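Each remark here refers to the structure printed beneath this line.
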2 protein chains.
Amino acid sequence: MTAAAEPVRPVRLLLADDEHLIRGALAALLALEDDLLVVAEAASGPEALAMARAHEPDVAVLDLQMPGADGVRVATSLRAELPGCRVLIVTGHGRPGHLKRALEAGVRGFVPKTVSAQRLAEIIRTVHAGNRYVDPELAADAISSGDSPLTAREAEVLELAADGAPVVEIAERAALSQGTVRNYLSSAVSKLGVENRHAAVRLARERGWV
Amino acid sequence: MTAAAEPVRPVRLLLADDEHLIRGALAALLALEDDLLVVAEAASGPEALAMARAHEPDVAVLDLQMPGADGVRVATSLRAELPGCRVLIVTGHGRPGHLKRALEAGVRGFVPKTVSAQRLAEIIRTVHAGNRYVDPELAADAISSGDSPLTAREAEVLELAADGAPVVEIAERAALSQGTVRNYLSSAVSKLGVENRHAAVRLARERGWV
DNA sequence: ATCCTCCCCTGACATTTGTCATGCCGACCG
DNA sequence: CGGTCGGCATGACAAATGTCAGGGGAGGAT
């Protein structure tokens, strides 16, 4: 484990996760790999962004759920500001919609936290080399969930219905008649094959369609 | 860091978390402490129970959300089978109700994953010494959220309503008239000060009242 | 013992939500 | 050009949900 014999420049990493315990542990484990170097850590979305600007890492390893701005949002900003920085998203419970949003934001890797640290190190190298990596199981979920069958208005109305607001309020906010709102809701419910609008909201959220 | 000079018997730990990445990292970090020894790991509730029976650890460090049986359920079983084994629950997003259930199950410690590894090691020692430790912020949340204002039946009906089932079905499963079911739902809604039953379900879940 | 309060339960009524038949408009195709 | 299809929009009707007034019983307080 010497330096002179290894002229390779290490991969510089940014680690962002709001759970100190995990972030610290992860940093310790990744530090064991000779070719990886953690140059910055962050506990929130905005902090991750600031750290990235300051340290210009090669790869940013971001947790999906963080206070301030989630991993995907950070990735979007990073894409614009630091095009050379690859983004790898790590997540606890991977919902199909997140993966889709993430890929659209230019994220290069997407893995659940169930992988081992060694595997993660490999994936970091893969991503750094310019390749993509998404967890096969999450990918399968995303593909099977497919594209949204909802029309623009249906999605809009469903979103307004998300917090349990009554139809009158939705109608007002969407500048529609109550009947029309019910119609879109009903249509969404039948397209999604669920019992009522609340289940529809849940499903659409899971699939990332709202 | 030698052995002969330190005759203390290390604290034997069981680590249970379904996220391999985190569990592995945690094990590595805790291994750095001379007086802590990870003797078993598990990725699910039942597995944690089996491991505990086999290795009889001094302290079980359990994640709250695991497949099979959650941390609190495991703690309950452990309490009966291995009274000498202290339980410490570690959780990502600490909802007030969980803490209450955990303490009732005889858990000795309850901390969020935002603590540092060093702090966790200290807390493990605290718990092993027979003392209790709960994260101050979580404790404050739990106290401020208070006890459930719902009666037994109200909670029961609300739980049956949780997956969006229609009233008729709830009435059937609870062996009540539809009117009664509506009544309990309505009562719960007004007690919780929310708009409709779905919001009530969400709130009650958050507070741990169902 | 009697009152009072709280919980459990019910049916009738008003409101909200879900479903249906229908019309309008723009896009695409023959 | 005329026809057809899918998205947008509406109101009338049926079904589910929420609200109300009230009756019966258990347990604690006076």
Side-chain angles (χ1 to χ4, degrees), chain A residues 97 100-101 104 145-210, chain B residues 97 100-101 104 145-210:
Chain A
K100 193 153 182 291
R101 278 200 310 137
E104 280 165 5
S145 84
D147 258 12
S148 172
L150 304 175
T151 69
R153 287 276 190 263
E154 283 164 359
E156 181 190 344
V157 169
L158 200 56
E159 190 152 17
L160 288 172
D163 51 4
V167 172
V168 264
E169 194 180 316
I170 300 172
E172 205 168 295
R173 289 213 277 165
L176 290 176
S177 105
Q178 298 187 22
T180 307
V181 170
R182 291 201 206 96
N183 222 223
Y184 284 139
L185 252 20
S186 179
S187 161
V189 162
S190 76
K191 277 180 181 175
L192 268 50
V194 292
E195 277 297 302
N196 53 42
R197 69 159 105 173
H198 304 282
V201 167
R202 273 210 305 258
L203 187 60
R205 274 217 187 298
E206 269 177 27
R207 299 270 223 269
W209 292 337
V210 293
Chain B
K100 192 154 185 291
R101 280 201 307 139
E104 281 165 3
S145 86
D147 259 11
S148 171
L150 304 175
T151 69
R153 286 276 192 263
E154 283 164 359
E156 182 190 342
V157 169
L158 201 55
E159 189 151 19
L160 288 173
D163 50 6
V167 172
V168 264
E169 193 180 317
I170 300 172
E172 204 168 296
R173 290 213 276 165
L176 289 177
S177 105
Q178 297 188 23
T180 307
V181 170
R182 290 201 206 98
N183 222 221
Y184 284 140
L185 252 20
S186 179
S187 163
V189 163
S190 75
K191 277 182 181 174
L192 297 177
V194 292
E195 277 296 303
N196 53 42
R197 69 158 103 175
H198 304 283
V201 166
R202 273 210 305 255
L203 188 59
R205 274 218 188 295
E206 268 177 28
R207 299 269 224 270
W209 292 337
V210 293

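On a predicted model such as this, the values are computed, not experimentally measured, just so you know.
- Nearest nucleotide to the side chain of Arg197(A), out of dG18(C), dG18(D), dC8(D): dG18(C).
- The CZ atom of Arg182(B) sits 10 Å away from the P atom of dG11(C) (whole-angstrom rounding).
- Note: CD (Glu156(A)) to C1' (dG7(D)) measures 14 Å, nearest angstrom.
- Backbone-only contact: Thr151(A) has heavy atoms under 4.0 Å from sugar-phosphate atoms and none from a base.
- Where Val181(B) and Asn196(B) each meet DNA chain C at their nearest nucleotide, the meeting point lying more 5' is that of Val181(B).
- Annotation for Arg205(B): atom CZ does not count as buried by contact number, only 12 or fewer foreign heavy atoms lying within 6.0 Å.
- The phosphate of dT19(D) has OP1 or OP2 within less than 4.0 Å of a side-chain N or O from Ser186(B).
- Separating the CD atom of Glu169(A) from the P atom of dT16(C) is a distance of 12 Å, rounded to the nearest angstrom.
- With a 6.0 Å radius and a threshold of 12 heavy atoms from other residues, nucleotides or ligands, Glu104(A) has its CD atom above the threshold.
- With rounding to whole Å, Glu154(B) atom CD is found 7 Å from dC8(C) atom P.
- A salt bridge links Glu156(B) with Arg153(B): the distance from a Lys NZ or Arg NE/NH1/NH2 to an Asp or Glu carboxylate oxygen falls below 4.0 Å.
- Taking atom NE2 of residue His198(B) and atom P of nucleotide dT17(C), one finds them 9 Å apart after rounding to whole Å.
- Residue Arg153(A) contributes atom CZ, which lies 6 Å from atom P of dC8(D) at whole-angstrom precision.
- Put simply, the side chain of Glu169(A) never gets that close to the backbone of Pro166(A): no donor and acceptor are under 3.5 Å apart.
- Distance Leu176(A) CG to dC8(D) P: 10 Å, rounded to the nearest Å.
- In this structure, Asn183(B) contributes its side chain and Ser186(B) its backbone to no donor-acceptor pair below 3.5 Å.
- Candidate nucleotides dG11(C), dT19(C), dT17(D) were compared by shortest atom distance to the side chain of Val167(B), and dT17(D) ranks first.
- Within 4.0 Å of Ser177(A), counting heavy atoms only, lie sugar-phosphate atoms of the nucleic acid but no base atom.
- Here dC8(C) presents its C1' atom at 4 Å from OH of Tyr184(B), a figure rounded to the nearest Å.
- Nearest to the side chain of Pro166(A), among dT19(C), dT10(C), dT17(C), sits dT17(C).
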